[in-house]
**Student:** 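Structure incoming, see below.
No experiment lies behind these values; they were computed from the predicted model shown.
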Amino acid sequence: MRRSEREVTDKNEIFEILSSCQVVRVAFFDDEYPYIVPLSFGAEKEGETVAVYFHCASDGKKVKLIEKNNRVCVEADVFDGYHGEGMQITTLYKSVIGFGKVQKCEGDEKVKGLRLLMEHCGYSPTDEMLKTCASFEKVAIYKITLDSVTGKKNVL
């Protein structure tokens, strides 16, 4: 990282930055170009491992790309504006980039992922509410386990 003074290495702080973001952008391998998609998400940190959950339809471009290659890049950021002093202007931000592998969630893991996603959006359903939701069987939940994750920030 070129600006090492902005690097965030503490996993708890990286997770706090991720948790403060509204969306993640996930880049998938496609044939000619990367395919990047903004997604609502839920996340958890167990020890040093960070996982990101997202939902989608059971079929579609993301699913096909995951089946071909489950390695992805995840990006999330918070833009906090600009700060200027004299002739110098800088962007204030916090960001996270991670690399990991995607796996489809089933059973209790599917319920957990959906619950984390809903909680991140400010809704606190019970597991029973999720299991009995009309669209529960139709929705697909995926988990990205991040093999590596870095953070960067420029704050006042």
**Student:** Any Lys/Arg nitrogen of K11 or E46 sitting under 4.0 Å from an Asp/Glu carboxylate oxygen of the other?
**Tutor:** no

**Student:** Check this for me, if you would: do D147 and R71 make a salt bridge, where the nitrogen-to-carboxylate-oxygen distance has to be below 4.0 angstrom?
**Tutor:** no

**Student:** Let me confirm one number: the CD1-CG distance from I17 to D77, rounded to the nearest 0.5 Å.
**Tutor:** 10.5 Å

**Student:** Does F15 belong to the same Ile/Leu/Val/Met/Phe/Trp/Tyr cluster as V24, with side-chain heavy atoms less than 4.5 Å apart forming each link?
**Tutor:** yes

**Student:** For V102, is there any backbone N or O sitting under 3.5 Å from a side-chain donor or acceptor partner on N70?
**Tutor:** yes

**Student:** Heavy atoms, side chains only, cut-off 4.5 Å: are V139 and S58 in contact?
**Tutor:** no

**Student:** Check whether more than 12 heavy atoms from other residues, nucleotides or ligands sit under 6.0 Å from atom OH of Y33, and answer yes or no.
**Tutor:** no

**Student:** Between H120 (side chain only) and C21 (backbone N and O only), is there a donor and an acceptor less than 3.5 Å apart?
**Tutor:** yes

**Student:** OH of Y123 to CZ of R115: how many Å apart, nearest 0.5 Å?
**Tutor:** 13.5 Å

**Student:** Testing I66, I144, V52 one by one against V26 for a side-chain contact (heavy atoms from CB on, under 4.5 Å), which residue passes?
**Tutor:** I144

**Student:** Taking C-beta and beyond as the side chain, do T49 and T145 meet within less than 4.5 Å on heavy atoms?
**Tutor:** yes

**Student:** Would a single hydrophobic cluster contain both L65 and V63, if residues Ile, Leu, Val, Met, Phe, Trp and Tyr are joined by side-chain heavy-atom contacts under 4.5 Å?
**Tutor:** yes

**Student:** For the atom pair SG (C121) and CD (Q22), what is the distance rounded to the nearest 0.5 Å?
**Tutor:** 9.5 Å

**Student:** Begin from the C-alpha positions of S40 and V23 and carry the test side-chain contact (heavy atoms from CB on, under 4.5 Å) through to its verdict.
**Tutor:** CA-CA 5 Å; S40 56; V23 300; 5.5 Å; no

**Student:** K68 vs F29, test: side-chain contact (heavy atoms from CB on, under 4.5 Å). Steps then yes/no.
**Tutor:** CA-CA 8 Å; K68 283 174 55 176; F29 282 93; over 6 Å; no

**Student:** Check whether K45 reaches the backbone of G47 with its side chain - one donor and one acceptor, N or O, closer than 3.5 Å.
**Tutor:** yes

**Student:** Distance from S148 atom OG to I97 atom CD1, nearest 0.5 Å?
**Tutor:** 10.0 Å

**Student:** Working to the nearest 0.5 Å, report the span between CZ of F54 and CG of L39.
**Tutor:** 6.0 Å

**Student:** Please confirm whether K152 makes a cation-pi placement over Y93, using NZ or CZ under 6.0 Å from the six-membered ring centre and within 45° of the ring normal.
**Tutor:** no

**Student:** Could you pull out the closest heavy-atom pair between C56 and K62, with the gap in Å?
**Tutor:** CB-CE, 3.6 Å

**Student:** Taking the side chain as C-beta and beyond, is there a heavy-atom pair between L146 and V74 under 4.5 Å?
**Tutor:** yes

**Student:** I'd like to check N154 versus T91 (side-chain heavy atoms, cut-off strictly below 4.5 Å). Are they in contact?
**Tutor:** no

**Student:** For residues L18 and V37: do they belong to one hydrophobic cluster (side chain heavy atoms under 4.5 Å, members Ile, Leu, Val, Met, Phe, Trp, Tyr)?
**Tutor:** yes

**Student:** Does a side-chain N-to-carboxylate-O contact under 4.0 Å join E7 and K153?
**Tutor:** no

**Student:** Give me the one residue out of T9, V149, V50 that meets side-chain contact (heavy atoms from CB on, under 4.5 Å) with I14.
**Tutor:** V149

**Student:** Taking the side chain as every heavy atom from C-beta outward, state whether K112 and E109 have any atom pair closer than 4.5 Å.
**Tutor:** yes

**Student:** Is any side-chain heavy atom of I36 closer than 4.5 Å to one of E75?
**Tutor:** no

**Student:** Could you check whether any side-chain N or O of D10 sits under 3.5 Å from a backbone N or O of N12, counting only pairs where one atom can act as donor and the other as acceptor?
**Tutor:** yes

**Student:** Taking the side chain from S124 and the backbone from E119, do they hold a donor-acceptor pair closer than 3.5 Å?
**Tutor:** no

**Student:** Do I89 and L92 belong together in a cluster built from hydrophobic side chains that touch within less than 4.5 Å?
**Tutor:** no

**Student:** Can you tell me how far apart OH (Y142) and NE2 (H55) are? Round to the nearest 0.5 Å.
**Tutor:** 12.5 Å

**Student:** Taking all non-hydrogen atoms of both residues, which atom of L116 and which atom of A43 are closest, and how far apart?
**Tutor:** CD2-O, 3.9 Å

**Student:** Taking the cut-offs as 6.0 angstrom to the six-membered ring centre and 45 degrees off its axis, would you call K110 and F136 a cation-pi pair?
**Tutor:** yes

**Student:** Specify the closest pair of heavy atoms between Y53 and C105, including all atoms of both residues, with the distance to one decimal.
**Tutor:** CE2-SG, 3.9 Å

**Student:** Between D80 and K94, is there a side-chain N and carboxylate O pair less than 4.0 Å apart?
**Tutor:** yes

